[in-house]
Amino acid sequence: MPRYQALRGTRDILPGEVEKWQRVERIARALLDRYGFREIRTPIIEPTELFVRSVGGSTDIVRKEMFTLVLSEDSVSLRPEGTAPVVRAFVQAGLDRVAGADRLYYIGPMFRYERPQKGRQRQFHQIGVEVIGSDDPLVDAETIEMLLYLLEELGVSETSLALNSVGDAVCRPGYREALRAYLAPRLALLCADCNRRYEENPLRVFDCKVETCRGELAAAPAMLDHLCEDCRRHFDSVRSYLDRFGIEYMIDPRLVRGLDYYVRTAFELLSEQLGAQNSLMGGGRYDGLVKEMGGKDLPGFGWALGLERLMMLLPADRAEATASADILIAPLDAPARTAAALAARTLRRAGVRVLLEAGERSLTSHLRRADRLGVPLVLIIGEQEVAAGGYTLRDMRSGEQRPVPVSELTRLAEEILREA
RNA sequence: GUGAGUGUAGCUCAGUCGGUAGAGCUCCUGACUGUGGAUCAGGCGGCCGUGGGUUCGAGCCCCACCACUCACCCCA
C-alpha cells in the first residue's frame, strides 16, 4: 500500500478516464449555450449559515453531512450543493439587473461527509442549472426538456422521470398538519426513524423503506390532493407542456426532495443501473429562496445532475485510442538531439502534436514506442540525416519512408494537419 | 454511526498439510549495433494492508487496528 492515498470518498480521475469527463463537459456546455445559459463559478467554501438557511437546518445534509470548519469566530463549510451559492452570488452581484444573467449553470465538486458506497462519494461532481426570476410553468418544462435532451446527446437511456408537486407556503402547512393527524394514531406501528420524521419533517416518512411503514402509509393523504389553487394550476400547466413535448413521466406523490427550499415542482431522474443510489439527478422550483438569501422576492427553478452517476450510465468506453500525438521525433544519438528539438519546435508552432523522445534509444525502440502509442508518423534523425541536413519521415501505417529537408518542415506540418 | 465481505507485483489473480512467494497482462531491453506490430528470451517490480500473538518456522492459524467494497440511514 502506498504511504499516502486519496482520502476516503475521494478519488483521482486519471488520464484515460478524464477524456470521458471532458467529452461530457464539452457536450453539456455546447448544449446549455444553445438554451441561453451562462456559466457561473462560485467558491467551493461558503459560510455555514448559508446552507443552514437555504437547505434547511433539519435536513440530513446540514445535520450530519457537511464538512464544516470553525476558524476563530467563523464557521465555514464546503458546499454540499450548488444552488445556495449561486443564489448567494446572484443576490450579491445584483444579477437581476444584468441582462442575460438569469439563466446560469455550474460544473464542479460538491462535498458531503457520508460513508461512501456505489454511486456515492464524499467529493462528487455536479452539473447544475438555475433559472431565476420567472414562475412560468414553461420554465419548468423547458428546463426539464433540456435535461432530457442533454442525456439523449450523451447517449444515456433507460432512465425514468418522476414528477411531483410539493405545494408552497400557502398549502403545505395545511397538508403537513393533515399528514401529522393521519400519522399520530399510528406512531406505535411506525419505525423509530419515522417517529423522528414525524417530529422534524413529516413529509420525509414517504422515504421510508420499512415494509410495515409503507403499509401504514398506503392510505396517507397526498400532497397532490391538498394543493392550493395556484399550485394546482401550475402543476397542471407543467404537465401539459411536458405532454406536448412528448416527454414521458410518472407522477410520484411520494417524491420529496432532501432540501427544504423546494416548492411546487419537484422531480428526479431514476435509473436501475446505479445500484442502491438510483437517483441520477434531482431538481425543482424554489420560489422564495432568493428572498430568503436577502434578495428580491424572485422565483427560481433548477436541477443538478450527478456526474459520477452519469458516468456509470454512459455507453461502454469504445476505447477510442486517440493517438496522443501526430508525430514522434526520434533522435538516434546525442548530436541529433538539437536537430530533433528544432524540428519539434517548428512543427508544434505550426499546430502539430509532437512527441519528442529524450534519452538514448535505438531506432527499434523508437519505432516500438510509436507503435505502442499509436502515433502514425515518425521523424527519424540520425547520423545520415544530420549529414544530409534533413530528416527521414516514416509512415507507420504503410511503412513507407521519404527524406524531408529542413526547409520543408512547414509543408509537412500542413500535410499532417490536413489529414487530421 | 451500524452491518457484511475483501486486503499477495502497476492491473487481474494463484499460493497445497504452516517450511521466509508465483503466473498472466502491462512496462522496459534484446534476438546481423539504422527499422515497429507476430513470436521467442530476459529484466524492472512484493515489509504478502499494519501491529502484536502462537510456533523451531506464519502469506496461511489467533487477536487488534487500518483501508477498500457493498448495504442501511439519506442522497447526486
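A, B, ... follow the sequence lines: proteins, then strands. Residue 1 opens every chain.
One finds a side-chain N or O of A:R361 lying less than 4.0 angstrom from the OP1 or OP2 phosphate oxygen of B:U29. One finds a side-chain N or O of A:S365 lying less than 4.0 angstrom from the OP1 or OP2 phosphate oxygen of B:U29. The side chain of A:Q384 places no N or O atom within less than 4.0 Å of a non-bridging phosphate oxygen (OP1 or OP2) of B:G34. Contact between the side-chain N/O atoms of A:R120 and the OP1/OP2 oxygens of B:A76 is not found at any separation under 4.0 Å. Side-chain nitrogen and oxygen atoms of A:R369 include at least one within less than 4.0 Å of the OP1 or OP2 phosphate oxygen of B:C28. Close to B:G30, at under 4.0 Å from its OP1 or OP2, lies a side-chain N or O of A:S362. Dashed line: the shortest gap from a side-chain N or O of A:R372 to OP1 or OP2 of B:C28 is under 4.0 Å.
Judged purely by distance below 3.5 Å, without hydrogens or angles, the side chains of A:T392 and A:E385 pair a donor atom with an acceptor atom. A donor-acceptor contact closer than 3.5 angstrom links the side chains of A:T83 and A:E130. A donor atom on one side chain and an acceptor atom on the other are found under 3.5 Å apart for A:S77 and A:T68.
Rounded to whole Å, the P atom of B:U20 lies 34 Å from the corresponding atom of B:C28. Of the C1' atoms belonging to B:C72 and B:C65, the separation is 24 Å, rounded to the nearest Å.
If you check distances only, the side chain of A:R394 does reach the base of B:G36 with a donor-acceptor pair under 3.5 Å. Counting atom types as modelled, A:R309 pairs a side-chain N or O with a base atom of B:C75 as donor and acceptor under 3.5 Å. On a pure distance criterion of 3.5 Å, a polar donor-acceptor pair joins the side chain of A:E385 and the base of B:G34. In terms of polar N and O atoms assigned as donor or acceptor, the side chain of A:Q277 never comes within less than 3.5 Å of the base of B:A71 in a complementary pairing. Contact annotation: side chain of A:E383 to base of B:G34, donor-acceptor pair absent below 3.5 Å.
Put simply, CG on A:L269 is 13 Å from P on B:A76, counting in whole angstrom units. Nucleotide B:C68 holds its C1' atom 14 Å from the CG atom of A:L7, rounded to whole Å. One interatomic measurement links the two molecules: NZ of A:K64 to C1' of B:U2, which rounds to 11 Å at whole-angstrom precision. Whole-Å rounding puts the A:H366 NE2 to B:C28 P distance at 12 Å. With rounding to whole Å, A:E308 atom CD is found 17 Å from B:U69 atom C1'. Between the C1' atom of B:G36 and the CG atom of A:L332 lies a distance of 14 Å, rounded to the nearest Å. To the nearest angstrom, P of B:G37 lies 18 Å from CG of A:L377. Between the CD1 atom of A:I61 and the C1' atom of B:A76 there is a distance of 9 Å, rounded to whole Å.
Each of B:G36, B:A76, B:C70 was ranked by its minimum atom distance to the side chain of A:Q117; first place goes to B:C70. Ranking B:G34, B:C73, B:G36 by closeness to the A:M396 side chain, first place goes to B:G36. Proximity note for A:S279 (side chain, C-beta onward) versus B:G1, B:C27, B:A76: the nearest is B:A76. Between B:A71, B:A31, B:A76, one nucleotide has an atom nearer to the side chain of A:R368 than all others, and that is B:A31.
In plain terms, the two heavy atoms of A:A89 and A:I40 that are nearest each other are CB-CD1, 3.9 Å.
In this structure B:C65 sits in a base pair with B:G49, meeting the Watson-Crick or G-U test at under 3.5 Å. The pairing partner recorded for B:A76 is none, the criterion being a Watson-Crick or G-U wobble arrangement whose two distances lie under 3.5 angstrom. Pairing for B:G57 is absent, judged as Watson-Crick or G-U wobble with the two contacts each under 3.5 Å.
Contact check on A:E415 versus A:R402 returns a salt bridge, with a Lys/Arg side-chain nitrogen under 4.0 Å from an Asp/Glu carboxylate oxygen.
For the pair A:R180 and A:Y198, the distance from NZ or CZ to the six-membered ring centre is under 6.0 Å and the angle to the ring normal is within 45 degrees.
A side-chain hydrogen bond (donor to acceptor under 3.5 Å, both in side chains) with A:H234 is found for one member of A:D287, A:D168, A:D140 and no other, namely A:D140.
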